[in-house]
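Model, not experiment: these values are computed from the prediction.
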Amino acid sequence: MNKEYEKRRQKLARIIGSNGIAIIPTANTRIRSRDTDYPYRPDSDFYYYTGFSEPDAVMILAPGRDDGPFVVCLRPKNPDTEIWDGHMEGLNGIKRNFGVDQSFKIEELENILTSLFLGRQKIFFTLGQDEILDKLLMKAFNASKAGQRRGGVVPTEIVSLEPLIHEMRLIKSKHEISLMKRAAKISVDAHKRVFRNCAPGVYEYQIEADIIHEFGMNGATPAYTSIVASGENACTLHYITNRDCMKEGELLLTDAGCEHEMYAADITRTIPVSGSYNQEQKKIYELVLKVQKDAISSVKPGQTFEGLQSQAIRGLTVGLKKLGILSGRVDNLIKTEAYKDYYMHGIGHWLGMDVHDVGVYMDPKGKSRKFQAGMVLTIEPGIYISKKNKNVPSEYRGIGVRIEDDVLVTKKGCEVLTQKLPKEINEIESIMAKNN
């Protein structure tokens, strides 16, 4: 993996040029309550170039340096800290195991930056994410400017680094794709456990526990808080309370994905708690499934999220009209956004190290960005009919359906990374009938 990270650093070095210097900090630890922290996760951008997962570290990339461009400031080894928190790489370990050219104590960061700024014209750094680090960098920036009287080149501007990094992260390498396929498989297996254990009388939190257990048994963690939404809870898009008892005749919408070696999956399935869909549930489900399959079949280089969304809106609007939930001319219903009472989100999002991964959705001209091979995205249409909606026949009220898969754009089309998780009605009902 060190070679993978090195290639990324080399590419970034070419982008910023020999007169630039890039600074990327990792994430801070976060207090959960009193003297306990949340489980630590390094910053995605920092990890993307280093593979290093300890807190309190800053990566510096200074192309063209005689003693190497890759510099990291980090915590020195501390035997007392290691007793409580485990192994620390320290200044020597990070050079030995992570390909770092030079390492310094994190306390020396300001002086190191002041020194490294000399001879550089541009500082590539994203301001506004860490107030303390922002102030430290500005002090080093001003100190280097003050020393300009002694001669030499000093930086004259600070350029946001985030857009450059995120453009790189948007196209996945073969290795990244292999990690995402593994995350997808683990997540598929977790959803299959949901199929097996879903039944009237089971609590949503018990289903969530199944999901977390399956992740953990495969060395993964939740990429986000699982949505386990039975009945009308499925009409709340980000429902994460997960406390209700599932009832006969309800649907269960489960949106869950794992994070495996820093890469995420994101899957949604909507299944019948009792093992079979009733007529109204089946009609809504079939409509969502058709729209989702049509969208997936349209994914290829040159397609856009805007194109997929327009296609999905039309498909859902036509279907809702056929069911008698919407009435009027389809074009007018789309123009007036009548569908938004039932479908109020986008067709999908980028997927990668972050669940809602980085990368712009619009090109420099303000048009929806065209897909390229190596991009990974979700496709997730849905229909949500509130129980409070008196404009809909009562038998449809309280039904929420979403179907989501992870899709890799390939040179000629796409590959569904989560295709081994059933979503056809007959498949789901057959699986659940065997379990019961």
Side-chain angles (χ1 to χ4, degrees), residues 5 8-9 12 21-62 70-91 93-95 97-98 100 102-114 116-117 123-141 158-166 168-169 220-225 240 258-264 352-358:
Y5 300 124
R8 296 171 187 172
R9 293 193 298 270
L12 181 60
I21 183 170
I23 300 101
I24 308 173
T26 195
N28 298 318
T29 54
R30 301 286 182 182
I31 295 173
R32 183 182 184 276
S33 64
R34 291 181 64 83
D35 60 348
T36 61
D37 293 336
Y38 284 104
Y40 181 73
R41 183 189 187 279
D43 176 79
S44 295
D45 290 343
F46 176 89
Y47 190 90
Y48 182 75
Y49 292 104
T50 66
F52 186 62
S53 57
E54 290 184 23
D56 300 324
V58 175
M59 165 193 159
I60 305 165
L61 189 64
F70 184 26
V71 179
V72 174
C73 293
L74 72 158
R75 307 175 304 174
K77 282 182 79 70
N78 184 317
D80 292 334
T81 300
E82 288 185 305
I83 289 172
W84 292 95
D85 298 332
H87 174 74
M88 301 170 69
E89 288 291 344
L91 303 184
I94 197 169
K95 288 193 289 185
N97 298 321
F98 292 85
V100 172
Q102 279 200 298
S103 59
F104 301 93
K105 295 178 182 178
I106 189 66
E107 292 81 6
E108 300 179 60
L109 178 60
E110 184 181 335
N111 290 334
I112 298 302
L113 288 177
T114 302
L116 292 178
F117 284 167
I123 299 171
F124 290 83
F125 175 76
T126 301
L127 292 162
Q129 296 182 334
D130 184 324
E131 186 177 353
I132 294 174
L133 184 57
D134 287 354
K135 289 180 179 178
L136 185 150
L137 182 134
M138 292 307 299
K139 284 180 66 177
F141 178 57
I158 298 174
V159 181
S160 180
L161 182 57
E162 207 170 60
L164 304 179
I165 296 174
H166 295 176
M168 284 184 61
R169 282 179 52 190
T221 59
Y224 53 96
T225 303
I240 56 171
C258 81
E259 181 178 284
H260 167 69
E261 294 190 23
M262 293 289 288
Y263 285 84
M353 296 182 81
D354 299 309
V355 178
H356 286 246
D357 205 31
V358 296

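- For A223 against A264, the heavy-atom pair with the smallest separation is CB-CB, 3.8 Å.
- Within the 4.5 Å cutoff, side-chain heavy atoms of I112 are placed close to those of C73.
- A distance of 4.0 Å separates NZ in K139 from CD in E110, rounded to the nearest 0.5 Å.
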Apply the test side chain to side chain contact (heavy atoms under 4.5 Å, CB included) to residues F125 and L133: give CA-CA distance (whole Å), side-chain angles for both, the deciding distance (0.1 Å), then the verdict.
-> CA-CA 10 Å; F125 175 76; L133 184 57; 3.8 Å; yes
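- In this structure, N78 contributes its side chain and D80 its backbone to a donor-acceptor pair below 3.5 Å.
- Looking at heavy atoms from C-beta onward, R41 lies in side-chain contact with E259 at the 4.5 angstrom threshold.
- Using a 4.5 Å heavy-atom cutoff, the side chains of F117 and I123 are in contact.
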Check step by step if side chain to side chain contact (heavy atoms under 4.5 Å, CB included) holds for K95 and Q102.
-> CA-CA 7 Å; K95 288 193 289 185; Q102 279 200 298; 5.5 Å; no
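- For F52 against A57, the heavy-atom pair with the smallest separation is CE2-CB, 4.1 Å.
- In this structure the side chain of M262 never reaches within 4.5 angstrom of the side chain of Y48, judged on heavy atoms.
- Separation of atoms OG1 (T221) and CD (E261) is listed at 11.0 Å; rounding is to 0.5 Å.
- In summary, of the residues considered (D45, V58, T50, L61), a side chain to side chain contact (heavy atoms under 4.5 Å, CB included) with I24 occurs for D45 alone.
- N97 meets the side-chain contact (heavy atoms from CB on, under 4.5 Å) test with E89; sequence neighbours excluded.
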List the atom pairs, with distances to 0.1 Å, where a side-chain N or O of residues 30-39 and a protein N or O form a donor-acceptor pair under 3.5 Å, not counting sequence neighbours.
residue	atom	partner	partner atom	Å
S33	OG	T36	OG1	3.2
T36	OG1	S33	O	2.9

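- Within 6.0 Å of NZ on K77 lie more than 12 heavy atoms contributed by other residues, nucleotides or ligands.
- The CG atom of L116 sits 4.5 Å away from the CD1 atom of I21 when rounded to the nearest 0.5 Å.
- Contact check for R169 versus I165: side-chain heavy atoms found under the 4.5 Å cut-off.
- Between F141 and L113 the shortest side-chain heavy-atom distance does not fall below 4.5 Å.
- Side-chain contact check for P76 versus M88: every heavy-atom pair is 4.5 Å or farther apart.
- Summarising the geometry of S53 relative to Y47, their closest heavy-atom pair is CB-CE1, 4.3 Å, with the distance given to 0.1 Å.
- Residues T26 and E54 are not in side-chain contact: their nearest non-hydrogen atoms beyond the backbone lie 4.5 Å or more apart.
- For the side-chain contact (heavy atoms from CB on, under 4.5 Å) test, residues two or more places apart in sequence or in another chain that qualify with P163 are S160.
- Looking at Y263 and S44, their side chains never bring a donor and an acceptor atom within 3.5 Å of each other.
- Considering every non-hydrogen atom in both G90 and L74, the closest pair reads O-CD1, 3.7 Å.
- Nearest heavy atoms, M59 versus F70: CG-CE1, 3.7 Å.
- With D134 contributing its side chain and G128 its backbone, the two residues share a donor-acceptor pair below 3.5 Å.
- Side-chain atoms of D357 and H166 include no donor-acceptor pair closer than 3.5 Å.
- Evaluated for a side chain to side chain contact (heavy atoms under 4.5 Å, CB included) with T126, the options L161, L164, I158 yield exactly one hit, L161.
- In this structure, L91 and I94 approach most closely via the heavy-atom pair O-CG2, 3.6 Å.
- Between Y49 and Y5, the ring centre distance reaches or exceeds 6.0 Å.
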